[in-house]
Amino acid sequence: MPPVRGYEAEPCHSITGEVGTGYQDAVAGLAPGLVLAVDGPVAVDWETVTAGIHEALAAHDIVAKQLDMREYSAPWEEILARTASAELEHDPDFAPLSRAGLADFFTEVPEPEAAVHCVTVVFGPGAALVAPDRLWYADLPKRYAEAQITGGTGRNLGQPAGTGPGTTRRLFYIDWPVLDRHRDTLVTGVDLWLDTQDPGAPAWLTGPALRAAMADLAGRPFRTRPTFNTTSWGGHWAQEQLGFNREAPNTALGYELIAPESGILVGAPDGPRVEVPLQALVALHPEEVLGEPVHAMFGTSFPIRFDYLDTVGGGNLSVHCHPQSDYMRRVFGWPYTQHETYYMMVGGPGRQVFLGLREDADLVSFRREADRAVHDGVPFDIERYVQTFPAEPHQLFLIPGGTPHGSGEGNVVLEISATPYLYSLRFYDWLRTDRDGRQRPVHVGHAFENLDAARSGEAVARDLVQKPRTLRSGDGWREDVIGRLPEMFFEVRRVELVADAAVDDATDHRFHVVNVVAGDGILLETSGGHRYELAYAETLTVPASVGAYRVRALGTGPVRYVKALVR
């Protein structure tokens with residue numbers, strides 16, 4: 001048996017289309033008299049990109065006339081007014097998801113005239129609004145925008161210099177929804193897609209090659225590129241066990257699959273690669289990826305996410321809850337809420353999970369102490385109000401909206417959850433401060449408005465800490481359902497295989513997401529001839545269009561993997 005592969009931090013999917021690099025070849029098809037629009041998000045290094053296009057055209061003896069869309073932005077105060085909402089108007093952390101269109105950020109959309117002696121290059125967010133002859137999209141993964149904003153160097157959509165730093169509040173709830181909707185309307189007609197992580201020499205795909213790659217991915221299993229963020233409670237498991245971000249302070253939050261931010265690397269492992277947003281794939285092929293019944297329920301929103309919460313050598317997470325369904329729709333603007341589950345990858349003696357209220361919890365005292373912690377910096381014993389459970393490896397905890405919860409120190413949680421991920425409503429955060437010495441945001445008002453008091457006492461252990469129930473079994477394998485609730489639209493199953501055992505499965509018109517939680521790994525083979533080896537801790541999406549597939553255990557010992565699907 002060949003050696004088992006280890007965790008791959010940058011999985012790349014081979015494609016037949018050529019991946020180009022730099023601007024010289026990219027401009028080869030341009031000629032004087034054309035209007036070229038180069039659209040993309042705010043965080044792109046537009047100065048470097050446009051300089052590269054200008055120099056490449058000059059090398060072809062073509063003059064470039066440039067037009068910066070940012071110069072046509074509406075006044076900042078007007079943009080703030082246009083994107084304001086009476087709901088959460090003064091909330092420092094949250095805002096409803098913006099329904100604005102990108103055109104709302106401009107005083108006017110210019111109408112550039114084609115000039116016979118040059119190529120007119122219109123660039124910046126919204127460039128496609130000018131109805132160009134050629135359309136390029138200069139992309140940059142969202143992790144760069146967040147890093148710019150949190151580092152104090154980034155600005156928000158339409159924000160001019162001199163108006164202060166940008167905010168994550170606008171980035172998450174206004175800029176990203178607006179820019180995502182705009183991008184998704186362009187992907188079917190873009191002529192060139194540039195990955196500007198290296199703005200001086202971007203990797204790129206032609207529009208036809210991009211769409212061919214996405215059509216191919218919609219019919220076979222794929223991994224998204226994982227990323228890990230650092231936070232105050234973060235641990236070191238991913239650094240020590242996966243070899244991820246060894247130079248970072250910690251690896252707290254690991255995004256294995258999170259549709260609004262995840263990208264898919266395509267190209268050749270030893271050549272240039274392009275990172276394309278997962279959401280672009282779903283926008284192009286929603287029924288193939290999601291399945292017809294899931295597409296009917298969720299549109300083009302990929303509704304399940306997988307991420308890691310690493311507190312090994314770190315600290316407790318905040319004790320928080322997520323919005324209940326009506327509140328999520330009415331206040332935050334998401335059509336479905338943030339139901340979660342915790343699967344314990346790492347735990348053990350002395351480790352714990354906070355989950356649900358104590359039977360005798362005095363909610364008036366709980367609110368009073370939570371407010372004092374925020375306003376007066378007075379700590380309190382959260383376990384007077386919230387239950388704890390042993391963090392036993394491979395136990396799944398279900399966390400419906402409104403349920404207080406949090407992982408304790410020393411755990412690795414595989415969080416298998418609904419896709420919304422920016423709505424952690426904190427009751428208590430251990431008086432932690434940020435790097436500037438300010439207390440981290442705690443949202444006592446939102447948290448208590450969403451607190452489900454029925455999730456208390458013995459009902460928590462009965463309903464939310466479930467025992468496995470066997471669905472089916474065979475020679476050397478067993479599939480159990482380990483988490484299912486009527487109000488949660490997805491369920492979690494676990495498959496256990498002895499060495500070299502194999503199990504047949506099928507998507508049945510609904511995508512699956514799988515993750516190896518114990519053992520060396522699995523080999524997943526589809527009826528269409530695709531093969532994918534998945535190592536420990538890696539996550540794989542199996543599009544609905546795959547249909548029948550077989551999973552075989554790799555290595556010399558037993559293997560466990562979890563599988564999530566929309567019911």
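Throughout, residue positions are numbered sequentially from 1 according to the sequence presented. Here the structure is a predicted model, which is why all the values come from computation and not from measurement.
A salt bridge does not link E261 with K142: every distance from a Lys NZ or Arg NE/NH1/NH2 to an Asp or Glu carboxylate oxygen is 4.0 Å or more.
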Legend entry - Trace of the side-chain contact (heavy atoms from CB on, under 4.5 Å) decision for L523 with R531: CA-CA 7 Å; L523 171 65; R531 295 163 54 91; 3.7 Å; yes
Legend entry - Criterion ring pair (Phe, Tyr, Trp, His ring centres under 6.0 Å) on H54 and Y23, from CA distance to verdict: CA-CA 9 Å; H54 180 90; Y23 297 101; over 10 Å; no
Inset, instruction - Step by step, work out the side-chain contact (heavy atoms from CB on, under 4.5 Å) result for L534 and L524. - result: CA-CA 8 Å; L534 197 68; L524 191 149; over 6 Å; no
Inset, instruction - Take L205 and L192 through the test side-chain contact (heavy atoms from CB on, under 4.5 Å) and record every step on the way to the result. - result: CA-CA 6 Å; L205 288 168; L192 194 75; over 6 Å; no
Inset, instruction - Check the pair D180, R183 against salt bridge (Lys or Arg N to Asp or Glu O under 4.0 Å), reporting the backbone distance first and the verdict last. - result: CA-CA 5 Å; D180 286 357; R183 179 203 60 216; 3.3 Å; yes
Inset, instruction - Walk me through it: do S301 and Y336 pass the test side-chain hydrogen bond (donor to acceptor under 3.5 Å, both in side chains)? - result: CA-CA 10 Å; S301 176; Y336 60 101; 2.7 Å; yes
Legend entry - Derivation and outcome, side-chain contact (heavy atoms from CB on, under 4.5 Å), residues T526 and R220: CA-CA 8 Å; T526 74; R220 61 174 165 129; 5.8 Å; no
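Heavy atoms only, all atoms of each residue included: Y532 and H13 are closest at CE1-CE1, 3.7 Å. Residue P543 comes nearest to F222 through the heavy atom pair CG-CE2, 3.8 Å, listed as atom of the first residue, atom of the second, then distance. The two residues P112 and V35 come nearest to each other via the heavy atoms CG-CG1, 4.0 Å. Considering every non-hydrogen atom in both V516 and A535, the closest pair reads CB-O, 3.5 Å.
When each of N250, T231, T251 is checked for a side-chain hydrogen bond (donor to acceptor under 3.5 Å, both in side chains) with D310, only T251 meets the rule. Remark: of the listed residues E8, E10, E538, E10 is the sole one forming a salt bridge (charged side-chain N to carboxylate O under 4.0 Å, His left out) with R225. A side chain to side chain contact (heavy atoms under 4.5 Å, CB included) with F511 holds for exactly one of V294, V282, L565, V542; it is V294.
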Exercise answer: donor-acceptor pairs, residues 57-72 side-chain atoms, under 3.5 Å, sequence neighbours excluded:
from, atom 1, to, atom 2, distance (Å)
H60, NE2, Q24, O, 3.3
Q66, NE2, T50, O, 3.1
D68, OD1, R70, N, 2.9
D68, OD1, R70, NE, 3.0
D68, OD2, R70, NE, 3.2
D68, OD2, R70, NH2, 3.0
R70, NH2, E47, OE2, 2.9

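Taking OG1 from T341 and CD1 from I304, the interatomic distance works out to 9.5 Å, rounded to the nearest 0.5 Å. The line from OG1 of T163 to CD of E77 is 9.0 Å long, rounded to the nearest 0.5 Å. We find the CG-CZ distance between D93 and R169 to be 8.5 Å, quoted to the nearest 0.5 Å. If you take CG on L257 and OG1 on T224, they are separated by 4.5 Å, rounding to the nearest 0.5 Å. Annotation: the span from L179 atom CG to I174 atom CD1 amounts to 11.5 Å, rounded to 0.5 Å.
No side-chain N or O of S545 forms a donor-acceptor pair with one of E288 less than 3.5 Å apart. Donor-acceptor pairing under 3.5 Å is lacking for the side chains of Y421 and E415. Looking at Q197 and R273, their side chains never bring a donor and an acceptor atom within 3.5 Å of each other. Between the side chains of R170 and T83, at least one donor-acceptor pair of N or O atoms lies under 3.5 Å. Between the side chains of H322 and E340, at least one donor N or O lies within less than 3.5 Å of an accepting N or O. Between the side chains of Y536 and N515, no donor N or O sits under 3.5 Å from an acceptor N or O.
Using cut-offs of 30° and 60° on the angle between ring planes, the pair Y423 and Y173 is tilted. Relative ring orientation between Y327 and H446 is described as perpendicular, the plane-to-plane angle rising above 60° on a 0-90° scale split at 30° and 60°. The aromatic rings of W176 and F172 sit tilted, their planes meeting at an angle between 30° and 60°. Relative ring orientation between F244 and Y7 is described as perpendicular, the plane-to-plane angle rising above 60° on a 0-90° scale split at 30° and 60°.
In this structure, the side chains of S417 and F306 stay at 4.5 Å or more apart for every pair of heavy atoms. The closest side-chain heavy-atom distance from T120 to L36 is not below 4.5 Å. A 4.5 Å side-chain heavy-atom check between P96 and R99 finds every atom pair outside the cut-off.
Residues passing the salt bridge (charged side-chain N to carboxylate O under 4.0 Å, His left out) test with R82 are E78, sequence neighbours excluded. A search for salt bridge (charged side-chain N to carboxylate O under 4.0 Å, His left out) contacts involving R440 returns D429, not counting sequence neighbours.
Atom NE2 of H530 sits in a crowded spot, with more than 12 heavy atoms from other residues, nucleotides or ligands closer than 6.0 Å. Other residues, nucleotides and ligands contribute more than 12 heavy atoms inside 6.0 Å of the CD atom of E108.
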